[in-house]
Number of protein chains: 4
Amino acid sequence: MTPTARRRLAPEVRRRQVLDAAIAVFSEEGLHGASMDAIAARAGVSKPSVYAHGGTKDELFAACLAREAERLMTAMTTAVGSAGDGEGPDDAEARLFRALRAFFHAVTTHRQGWTVLYRQASTGEFAGRVDAARRAIVRRAAELLAAELGGSVEAAEPVAHTLVGAAEGLTDWWLGTEHPATDEPPADVLARMLTAVVWPGLDRLRALPM
Amino acid sequence: MTPTARRRLAPEVRRRQVLDAAIAVFSEEGLHGASMDAIAARAGVSKPSVYAHGGTKDELFAACLAREAERLMTAMTTAVGSAGDGEGPDDAEARLFRALRAFFHAVTTHRQGWTVLYRQASTGEFAGRVDAARRAIVRRAAELLAAELGGSVEAAEPVAHTLVGAAEGLTDWWLGTEHPATDEPPADVLARMLTAVVWPGLDRLRALPM
Amino acid sequence: MTPTARRRLAPEVRRRQVLDAAIAVFSEEGLHGASMDAIAARAGVSKPSVYAHGGTKDELFAACLAREAERLMTAMTTAVGSAGDGEGPDDAEARLFRALRAFFHAVTTHRQGWTVLYRQASTGEFAGRVDAARRAIVRRAAELLAAELGGSVEAAEPVAHTLVGAAEGLTDWWLGTEHPATDEPPADVLARMLTAVVWPGLDRLRALPM
Amino acid sequence: MTPTARRRLAPEVRRRQVLDAAIAVFSEEGLHGASMDAIAARAGVSKPSVYAHGGTKDELFAACLAREAERLMTAMTTAVGSAGDGEGPDDAEARLFRALRAFFHAVTTHRQGWTVLYRQASTGEFAGRVDAARRAIVRRAAELLAAELGGSVEAAEPVAHTLVGAAEGLTDWWLGTEHPATDEPPADVLARMLTAVVWPGLDRLRALPM
DNA sequence: AATGAATGAGCCTTCATTCAT
DNA sequence: CATGAATGAAGGCTCATTCAT
């Protein structure tokens with residue numbers, strides 16, 4: 001006698017349901033392509049419930065952006081912050097590898113969030129908001145790079161943009177269909193690939209004044 | 001005081017107007033976000049004119065994709081194909097530099113086209129077509145890389161994605177507000193920056209079997 | 001002072017409202033001439049409500065056809081089937097009279113439905129469906145005639161068409177402005193008139209092989 | 001060097017071209033379903049030419065109605081007026097037969113005009129105009145009937161409506177697909193059929209005061 | 001709190017109509 | 001004159017949003 005859908009749930013739980021459904025639908029259909037009907041259906045609730053717990057479509061999208069951006073930042077911060085986990089050396093290259101691995105891990109395990117953040121929202125009224133999220137990540141990367149390579153954070157910014165862009169491109173490749181299967185976790189594979197390409201160059205930049 | 005509205009124009013001219021406007025609006029709003037009204041307004045013509053010269057929204061989008069894809073491919077092919085222009089050596093690094101410069105030139109001068117091609121959500125019925133255009137460019141990059149570094153084109157694909165992503169990231173930085181002014185053309189600056197970061201790594205990959 | 005607009009109604013009720021309005025508008029304007037706006041306005045609901053309860057314009061038209069066809073067929077079948085109601089003899093002429101009276105009754109009391117069914121242009125994709133509805137009624141008439149006059153149903157078809165056309169013409173005359181007032185129900189008057197004109201001829205056909 | 005389409009033609013000729021095309025298209029697609037583009041294409045002229053020679057769509061439709069109505073009236077008048085053509089007796093039944101034959105001849109040889117007049121135009125703003133045309137025919141029939149059967153024209157009107165309706169119904173049957181092939185001209189077949197059904201009844205009415 | 005029902009606004013598309021050549 | 005090109009005005013349909021239960 002207690003139909004799941006109509007059971008009163010704690011507000012935060014309902015909100016999570018709605019956000020999860022929204023991210024799923026937004027990632028598949030895009031901001032304009034997604035309909036509130038579809039989101040409600042995916043969440044298994046009625047449309048007014050979506051409004052009650054997620055607000056307007058724009059607010060809902062913004063909430064998705066915020067949540068996924070924070071999730072990504074947290075994941076990276078945590079991973080980078082964790083000192084050498086005893087798995088190997090703790091030199092600059094290893095730290096770069098771990099940061100990249102954290103990024104790739106976050107992105108490949110939350111593919112929909114990533115899609116919404118970086119592939120669906122780059123247009124229209126949300127371009128600014130997405131840009132802010134993206135810049136936060138780039139900024140963090142620039143700080144890491146400045147610490148490792150020396151030089152100011154400002155000077156490291158273009159390199160950080162390059163690095164983040166490269167990571168995004170590689171992620172796109174991985175999320176595409178045709179890539180070799182591996183036993184290793186994808187994040188490790190991708191991080192090693194990217195490290196191999198960029199580390200020598202970055203290493204050389206250490207000597208130069210940026 | 002020349003009313004452009006009711007002015008009769010040659011069909012090709014009008015079609016170009018419409019396509020230009022469409023690319024602009026699509027790049028800003030996305031396929032779903034763009035309205036035919038907006039495109040008509042941007043083109044300075046009436047909505048029926050958009051239909052007369054650009055066809056259905058889907059056809060119009062497809063035409064934009066086709067035109068910009070060809071434009072970018074042509075620009076890159078031409079620039080890369082031009083042999084050493086006497087400005088310096090013609091080793092692998094120099095060829096990479098020129099290819100990157102061509103890419104940056106094409107992308108920075110046709111930003112909107114690139115956005116439509118590479119940054120738009122590839123959802124729904126156009127996923128395939130957009131993807132095909134994207135992949136054509138990355139494929140070209142992969143071919144160049146394979147030629148330079150040895151190894152198969154398939155093996156070069158992730159590196160190509162990485163490279164294109166890195167270039168994109170750097171372009172974003174450049175098109176952002178805060179970057180130092182230079183006398184040099186942006187494409188040269190950006191190409192040198194990216195070359196500095198990735199060339200050492202790529203160079204090292206030459207020795208390894210990819 | 002009871003705003004009917006925002007009032008929540010049972011779906012069947014709303015659907016009936018919408019169908020009624022649709023039949024009215026279709027009968028006045030034709031399939032192409034009727035606009036969903038007009039139907040919504042006539043029904044006193046919003047356009048989305050029309051779509052919610054009546055579906056697409058084509059579906060709505062089909063639903064109108066189906067409903068009116070059934071209504072007319074039922075009315076005629078019932079009236080004809082009712083055996084001699086004690087009002088007089090039950091010979092062939094009397095049965096013809098009763099059938100005609102049933103037809104006139106159905107047609108004069110559901111004029112719009114009849115118009116949609118029988119007078120609308122049967123163009124385009126609905127030609128078949130409209131025609132089917134029309135033919136069902138004429139077919140029924142042909143069956144009755146065949147039973148009364150002998151001969152096959154096929155042979156009776158032209159006579160049935162003639163009869164139905166004659167009845168239509170007489171109905172038009174009655175619904176026009178200038179006709180004498182009577183105490184009798186119109187259906188009786190019209191049926192007697194038509195019987196007087198056609199019965200002698202039909203009676204004579206009984207002897208002949210059709 | 002003189003392309004037919006662009007050759008300057010006498011205005012009446014062009015007008016005829018346009019009217020013919022219009023009737024064809026209207027009869028196939030209906031008033032609302034027909035597009036001026038389609039009419040222009042069918043006529044083999046440009047759209048402005050249609051406007052120049054046929055006027056507005058409504059005017060064009062009205063012109064079609066007028067022309068076909070007149071054609072039908074003329075045909076009937078002529079046929080009825082022609083005294084017994086020596087092919088047989090000239091009693092009242094023969095005169096009825098000839099009038100009906102004239103009607104069926106006009107209708108079956110100008111099927112499109114008939115369709116436009118009686119099957120496409122019965123709705124919307126042209127209902128009145130069509131009604132007028134129809135009434136003219138019915139009036140003529142009533143006059144003939146009054147002359148043959150005795151009684152006033154007014155009294156003959158319902159019978160005239162009946163007769164015209166019957167003729168229309170039979171025409172519909174004939175214009176449908178499935179009817180037996182004959183060597184005789186259709187008009188003769190149909191006229192004989194209808195005469196057989198209605199003449200006995202009409203004959204009997206002669207004795208009664210209508 | 002949760003929802004079925006309702007709607008205002010907007011979008012894609014086409015059509016009747018008219019300039020300008 | 002004849003026409004290609006252009007447009008204002010709907011029309012069918014859907015969507016984000018909100019009542020009323």
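Order of the sequence lines sets the chain letters (A, B, ...), proteins ahead of strands, with each chain counted from 1.
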Sugar-phosphate only, base, or nothing, as touched by D/A38 at under 4.0 Å among non-hydrogen atoms: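 Counting heavy atoms under 4.0 Å across all strands, no contact is made by D/A38.
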Sugar-phosphate, base or nothing in reach of C/A34, heavy atoms under 4.0 Å: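 Contact class for C/A34: sugar-phosphate only.
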[N], OP1 or OP2 - any side-chain N/O from [X] closer than 4.0 Å?
X: D/H32; N: E/dA16; answer: no
X: B/S49; N: F/dT7; answer: yes
X: C/R14; N: E/dA5; answer: no

Looking at [Y] and [X], is there a salt bridge between them, counting it only when a charged N and a carboxylate O are closer than 4.0 Å?
X: D/D20; Y: D/R67; answer: yes
X: D/E68; Y: D/R71; answer: yes
X: A/E28; Y: A/R42; answer: yes

In whole Å, I'd like the distance from the [atom1] atom of [X] to the [atom2] atom of [N].
X: C/D58; N: F/dG11; atom1: CG; atom2: P; value: 16 Å
X: C/Q17; N: E/dA5; atom1: CD; atom2: P; value: 14 Å
X: D/L60; N: E/dC15; atom1: CG; atom2: P; value: 16 Å
X: B/E29; N: E/dC11; atom1: CD; atom2: P; value: 11 Å
X: C/M36; N: E/dG10; atom1: CE; atom2: P; value: 21 Å
X: C/E59; N: F/dG12; atom1: CD; atom2: P; value: 14 Å
X: A/K57; N: F/dT14; atom1: NZ; atom2: C1'; value: 11 Å
X: C/H53; N: F/dC13; atom1: NE2; atom2: P; value: 16 Å

Residue pair A/L175 / A/R111: nearest heavy atoms and the distance that separates them: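 Closest approach of A/L175 to A/R111, heavy atoms only: O-NH2, 3.1 Å.
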Side-chain donor-acceptor contacts of residues 56-66 of chain B below 3.5 Å, not counting sequence neighbours, with atom names and distances?
residue : atom : partner : partner atom : Å
B/K57   : NZ   : B/L31   : O            : 3.0
B/K57   : NZ   : B/A34   : O            : 2.8
B/E59   : OE1  : B/T56   : N            : 3.1

Most 5' of C/S35 and B/P11 on DNA chain F, judged by nearest nucleotide: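 Upstream on the strand: B/P11.
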Looking only at the side chain of [X] (C-beta and beyond, no hydrogens), which of the listed nucleotides [options] gets closest?
X: A/P48; options: E/dA5, E/dG4, F/dG12; result: E/dG4
X: D/Y51; options: E/dT17, F/dT17, F/dT3; result: E/dT17
X: C/D37; options: F/dA6, E/dT14, F/dG11; result: F/dG11

Pairwise side-chain contact, D/D172 with D/W114, heavy-atom cut-off 4.5 Å (strictly under):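 A side-chain contact exists here, since the closest heavy-atom pair is under 4.5 Å.
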Sub-4.5 Å side-chain heavy-atom contact between B/L9 and B/Q17: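 A side-chain contact under 4.5 Å exists here.
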Under-3.5 Å donor-acceptor pair between A/K47 side chain and E/dT3 base: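 Result: no qualifying N/O pair found.
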Intra- and inter-strand pairs of DNA chain E in dot-bracket (Watson-Crick or G-U wobble, both distances under 3.5 Å; | for another strand): .||||||||||||||||||||
Option among B/L19, B/V25, B/I23 that satisfies the side chain to side chain contact (heavy atoms under 4.5 Å, CB included) test with B/I39: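 That would be B/V25; it is the only one of B/L19, B/V25, B/I23 passing the side chain to side chain contact (heavy atoms under 4.5 Å, CB included) with B/I39.
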